[in-house]
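The analysis underlying the following values was restricted to heavy atoms, covering all of them including side chains, and did not include hydrogens, waters or symmetry mates. In the text below, chain A, chain B and the rest are named by the order of the sequence lines, each starting its count at 1.
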Amino acid sequence: MSDSVVTNTSAAVPEASGTPGSAAAPTFDQFGLAADILKAVTESGYTTPTPIQAQAIPVVLAGRDVMGAAQTGTGKTASFSLPIIQRLLPQANTSASPARHPVRALILTPTRELADQVAANVQAYSKHTPLRSTVVFGGVDMNPQSEALRRGVEVLIATPGRLLDHVQQKTLNLGQVQMLVLDEADRMLDMGFLPDLQRILNLLPKERQTLLFSATFSGEIKKLAATYLRNPQTIEVARSNSTATNVRQIVFEVHESDKSGAVAQLIRERNLKQVIVFCNSKIGASRLARVLERDGIIATAIHGDRTQGERMQALDAFKRGEIEALVATDVAARGLDIVELPAVINFDLPFSAEDYVHRIGRTGRAGASGDALSLCSANEKKQLADIEKLIKRPLEVETLTVTTPARREGGRRERDERPVRAERGEHRHAREESGSRRRATSFERSHARQQPVDEFFLKPYEPSPASVKRHDEAVEHERKAAPKQPLAALLGGLGMPRKTTSS
DNA sequence: AAAAAAC
């Protein structure tokens, strides 16, 4: 749930061991948090604060503004949620009157999924307190959100657009906000949220505590901080633009048209139980999910053209372990907390090197090891160079011989085995001798489910039973959330990109 | 060049 360090429960640290100044492992006791909060922390399975929690919690409790540089997976969410709850607790009351529950803490995030996840954390940490929290974001019915706001909440988690919508609808008043969190602030600026942020900030009392978290401290971020933060304490856990040393990063040079096959092959050969595959485009993500499904890998796509119901469904199913490959655009690059993901695959190298750092941050979480496997085609060399420059080291490059069927231009299929480094002249032979029988590779032999090639390309796509089930669930979910758009849900459920209204 | 986010 939270992005705190998950400690092995069988080796749980006794709570009493943490006396101040002792060499014992630190515990959450040291912060002076209320018993009701500590109880929830313990129930969540966390015993030892992460470095950012150890640094940020006392500073936030002291009421200071914070400029935090921390990636997700460092325990960032708890580092601001816990002290926010603590600071609001004295003002919490059990009255049913909405007027007694004004919004006192506002947490803004760039994506809907991240908002939902932060809200789940806040909910978990505050469950033994009278404090109320809720989350508002776009893509879903406003009415239940309006109703929750009308009843009153002390902690509100939101994406900027829908928040302003509620302000405009007069279902939300921000006049009593005492604490503001800008989570993934650099991402929000990247996404063009600056005007929205400025409008929101102008609605808030000047007298407040502001916490800004960002993966990088660009000039824009510094300017934002200089304008809206007061004498902030800088907290930096891992140097920005650095990648975790427990993540092994490998680049596979492949032909563009071999990429789908390469993904399936990497998943099988490395026996990856769960993996996020990042694509640069929404259409590419939908297409890859379909090809992987066809290849017997349970896969689903998550991107901005799918309905919110489908996005949530996909993420939940992935978290429950029902999906092997979550094929995503950069909507999932930041913030998503999925415990102990063994690997991420970059189907495309991201356009921005910083996004690479965020994408591979989805693996090797909380000290566990992980693999970041990137496919690089001939026209992505520039991106590779940019990444190596940003992380200040060259990446390991390996050869991958793709043996799965790969779609070719014009709908025809290339032969099975083709060296991927042909353009470098490192291949053994580009083509088999005609007439010579090639022995099946161990991969192919173990891959009995594979359909004959012609059949695959002649038959229309048929979703797997698992896919159909998920689709039906998504449609049902969508019907409940937004009864006006059954067609959109249906198209999205089949992995089809929906038409966007914007240009 | 692409993605994300309000109706």
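- Remark: C1' of B:dA3 and CG of A:Asp305 are 10 Å apart, rounded to the nearest angstrom.
- For A:Ser281, no side-chain nitrogen or oxygen approaches OP1 or OP2 of B:dA1 to under 4.0 Å.
- A salt bridge is defined here as a Lys NZ or Arg NE, NH1 or NH2 lying under 4.0 Å from an Asp or Glu carboxylate O, and A:Glu324 with A:Arg268 fails to meet this definition.
- Considering only side-chain N and O atoms, A:Thr159 lies nowhere under 4.0 angstrom from the phosphate OP1 or OP2 of B:dA4.
- In this structure, A:Lys222 forms no cation-pi arrangement with A:Phe217, as its terminal cationic atom is not both closer than 6.0 Å to the ring centre and no more than 45° off the ring axis.
- Distance CD (A:Glu354) to P (B:dA2): 20 Å, rounded to an integer number of Å.
- Between the C1' atom of B:dA4 and the NE2 atom of A:His358 lies a distance of 14 Å, rounded to the nearest Å.
- Looking at the side chain of A:Phe193, the nearest of the listed nucleotides B:dA5, B:dA3, B:dA6 is B:dA5.
- Side chain to side chain, A:Gln178 and A:Arg87 fail the donor-acceptor criterion of an N or O pair below 3.5 Å.
- Distance CG (A:Asp141) to P (B:dA6): 14 Å, rounded to an integer number of Å.
- Regarding A:Arg187, its CZ atom lies at a distance of 9 Å from the P atom of B:dA5, rounded to whole Å.
- In this structure, A:His303 atom NE2 and B:dA2 atom C1' are separated by 13 Å, rounded to whole Å.
- Per the geometry, CZ belonging to A:Arg359 stands 14 Å off P belonging to B:dA2, to the nearest Å.
- Residue A:Asp330 is classed as having no contact, given no heavy-atom separation below 4.0 Å to the nucleic acid.
- In this structure, a donor-acceptor pair under 3.5 Å is present between the side chains of A:Glu256 and A:Ser377.
- For B:dA6, one of the phosphate oxygens OP1 or OP2 lies less than 4.0 angstrom from a side-chain nitrogen or oxygen of A:Arg112.
- A sub-4.0 Å separation between OP1 or OP2 of B:dA5 and a side-chain N or O of A:Arg311 is present.
- Closest to the side chain of A:Phe351, from the set B:dA5, B:dA4, B:dA2, is B:dA2.
- Between the side chains of A:Thr134 and A:Arg132, no donor N or O sits under 3.5 Å from an acceptor N or O.
- In this structure, A:Leu182 places its CG atom 16 Å from C1' of B:dA5, rounding to the nearest Å.
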